Chemist: 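Attaching a single structure in structure tokens format; questions to follow.
What you are looking at is a predicted structure, and each value in this text was computed from that prediction instead of being measured. Letters go in sequence order (proteins before strands), and every chain restarts at 1.
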2 protein chains.
Amino acid sequence: MAAVNLEGAMGDGLSDAKVHDQVYDALADALIKGQIPPLNPVSLRTLAANLGVSPMPVREAVRRLIAENALELQASNKRLRVPDLTEKRVLQLMKAREWVEPELAALATPLMTRDAIRRLRDDDTKLMKALSSGDVGGYMQANQDFHFCIYSCADADLFYDMARTLWLQVGPFMRVVFGRLGTVQLPKDHHQDMIAAFERGDAEAARASMQADVREGMAMMLDVIRTRAEPEPKRRRVR
Amino acid sequence: MAAVNLEGAMGDGLSDAKVHDQVYDALADALIKGQIPPLNPVSLRTLAANLGVSPMPVREAVRRLIAENALELQASNKRLRVPDLTEKRVLQLMKAREWVEPELAALATPLMTRDAIRRLRDDDTKLMKALSSGDVGGYMQANQDFHFCIYSCADADLFYDMARTLWLQVGPFMRVVFGRLGTVQLPKDHHQDMIAAFERGDAEAARASMQADVREGMAMMLDVIRTRAEPEPKRRRVR
DNA sequence: GTACCTATATTGTGATCACATGAGCAAGAG
DNA sequence: CTCTTGCTCATGTGATCACAATATAGGTAC
């Protein structure tokens, strides 16, 4: 139950990539897209069975995700699950994202190719379309593509990894946020401003737009976290 | 050969902590203290033998360290080693440290207990002593204790982990820096200013001192990286 | 001495087994 | 129906084995 559907998530077919890397990519992708809700239990053997591999590479992938705070081991020392977010932690994630991601946008500005900007427009179009049709999955995918297209242009591995790690932690809650608020109340997107800044080569404007974008998104999440019922008030059976 | 000495590094004796955690702590400690030089090869089985455990928990610990960029797998897809630092990467590490660590100092300021400040004074005393006696290991230990005493007071898990990860990447090069410059040319330490700021409860002053401290340390490292010979100019046998 | 080649040893990876521990569920007492 | 008690199953962890790929050592030809 609550079994995560990962079918097709792994790049089947010929590939010299290590199995544990494929497992990691599949899991990370599912987390970033919010396909695995917070507090959702995860089992090594179950995942291994779902992905058609032995538990071994799953262990390594999971160990990596734990190191990135994308998964956690319950204090009771057993049971793997997606971490919950406290208000304190959301505030830290917000601060961190408000630093790295604008930084990445600024670094990317002088390196933006015409082709990359075209891709940004494309992603933003898909985003607006998904938004108006209420397609949460499509929205998240387009938004992720938009942001990481920029970040990959920045040519800054360390910052890129930091951003990815942060998204990994925030991902499972994005779906919760949209479930609470719907896709309608999404913040005024600053993507157009960002694209314009890239075209002008105005790094500081890009930085500012990115910061506003991140801030508003995280503010929504913070609001949801604050106003939600206590996370699991001793819930009984769910039948 | 270049075998890392980890004897006694693992907390022997009774302990319910998982073995792979102990291995991780041992390795992370060795890396942060610069006991394992850059480009030093690391082998799963060798480490396992040195620590008296099976290769299994070592694999998990290493997987974690790879996720933190504290170890790397050579592009040839075999062989584990301590990563080298490029100038570009040092610049990113510097920027990142100049953001998180001052932030942690500012957050810690209102939470600093009298006892913690006393510990800071103690660490700084040890630091000065080690400095005047040319004890590199002692200096690095005292400096680490000083900084992380502050960071642990900040009550900000995410930032704390980020700082630790950054230190993990910088650690192996600190020893190189000291080997090049000696302990004499160490930057004017801003520790006294920081302690004073904590006592006044002046978060912004603490932030500024921390930033200066980090900046000067990383500037030294950057200088060493820039002026060193090419990293491994096709070195032949080492006999 | 130097360059090239072959054989051995060592590496990371994946699978499987064994084990202690805690979760989940069913049955029984009140 | 509620709470307790006991048992069964599933979980994470560690060890060991098997394997393909690579680096390294040793030898040979020049």
Side-chain angles (χ1 to χ4, degrees), chain A residues 1-4 10 12 14-27 39-67 70-83 232 234-239, chain B residues 1-4 10 12 14-27 39-67 70-83 232 234-239:
Chain A
M1 48 191 62
V4 182
M10 286 181 54
D12 296 320
L14 49 95
S15 167
D16 55 349
K18 302 300 174 196
V19 178
H20 69 258
D21 279 320
Q22 302 181 32
V23 175
Y24 173 84
D25 289 338
L27 275 173
L39 293 181
N40 188 289
V42 167
S43 135
L44 292 179
R45 288 177 176 83
T46 304
L47 278 176
N50 282 14
L51 296 170
V53 298
S54 90
M56 195 72 228
V58 180
R59 279 167 70 171
E60 307 206 32
V62 162
R63 189 60 59 191
R64 214 170 133 187
L65 288 165
I66 292 176
L71 289 179
E72 74 175 357
L73 238 52
Q74 291 190 40
S76 56
N77 223 3
K78 286 271 184 198
R79 244 50 168 221
L80 209 51
R81 66 177 184 187
V82 178
E232 222 55 14
K234 196 62 179 173
R235 193 201 292 183
R236 310 283 305 183
R237 306 287 173 79
V238 181
R239 184 176 287 263
Chain B
M1 49 188 69
V4 183
M10 285 180 54
D12 296 320
L14 51 94
S15 166
D16 55 350
K18 302 301 175 196
V19 178
H20 69 259
D21 280 320
Q22 302 181 31
V23 174
Y24 173 83
D25 289 338
L27 275 173
L39 292 181
N40 189 289
V42 167
S43 140
L44 258 42
R45 289 176 175 83
T46 303
L47 278 177
N50 282 13
L51 297 169
V53 298
S54 91
M56 195 73 230
V58 180
R59 279 167 71 170
E60 308 207 31
V62 162
R63 190 59 59 191
R64 215 170 131 188
L65 288 165
I66 292 177
L71 289 179
E72 74 173 357
L73 238 52
Q74 290 191 38
S76 56
N77 222 4
K78 286 271 184 197
R79 246 51 168 215
L80 208 53
R81 67 177 183 188
V82 178
E232 220 57 11
K234 196 60 179 172
R235 192 201 291 183
R236 309 284 305 182
R237 305 287 173 80
V238 181
R239 187 177 285 263

Chemist: What is the distance, rounded to the nearest whole Å, between atom CG of L51(A) and atom C1' of dA15(C)?
Modeler: 16 Å
Chemist: Between CG of L71(B) and CG of L80(B), what distance do you get to the nearest 0.5 Å?
Modeler: 5.5 Å
Chemist: Where the side chain of K78(A) is concerned, which of dT16(C), dT13(C), dG12(D) is the nearest nucleotide?
Modeler: dG12(D)
Chemist: Q22(A) side chain to A17(A) main-chain N or O, any donor-acceptor pair under 3.5 Å?
Modeler: yes
Chemist: Check the distance between dG12(C)'s P and E60(A)'s CD and give it to me in whole angstrom.
Modeler: 11 Å
Chemist: Check the distance between dT11(D)'s P and E72(A)'s CD and give it to me in whole angstrom.
Modeler: 17 Å
Chemist: For Y24(A) and dG14(C), give me the distance from atom OH to atom C1', rounded to whole Å.
Modeler: 20 Å
Chemist: Among dG12(D), dG14(D), dG14(C), find the nucleotide with the atom closest to the side chain of S54(A).
Modeler: dG14(C)
Chemist: Please report the distance, rounded to the nearest Å, between CZ in R63(B) and P in dT11(C).
Modeler: 16 Å
Chemist: Rounded to whole Å, how long is the line connecting atom CZ of R64(A) with atom C1' of dT13(C)?
Modeler: 15 Å
Chemist: By nearest atom, which of the nucleotides dT16(D), dG14(C), dA23(D) is closest to the P55(B) side chain?
Modeler: dT16(D)
Chemist: Under the 3.5 Å rule, do the base of dG14(C) and the side chain of R59(B) count as making a donor-acceptor pair?
Modeler: yes
Chemist: Which pair of non-hydrogen atoms, one from A67(B) and one from A67(A), has the smallest distance, and what is that distance?
Modeler: CB-CB, 4.1 Å
Chemist: Atom NZ of K18(B) to atom P of dT11(D): distance rounded to whole Å?
Modeler: 16 Å
Chemist: When the distance from CG of L73(B) to P of dT11(C) is rounded to whole Å, what number comes out?
Modeler: 13 Å
Chemist: Looking only at side chains, do H20(A) and R64(A) share a donor and an acceptor under 3.5 Å apart?
Modeler: no
Chemist: By nearest nucleotide on DNA chain C, pick out whichever of M56(B) and L44(B) is the more 5' one.
Modeler: L44(B)
Chemist: Report the nucleotide, chosen from dT16(D), dA23(C), dG12(D), that has the shortest atom-to-atom distance to any side-chain atom of R45(A).
Modeler: dG12(D)
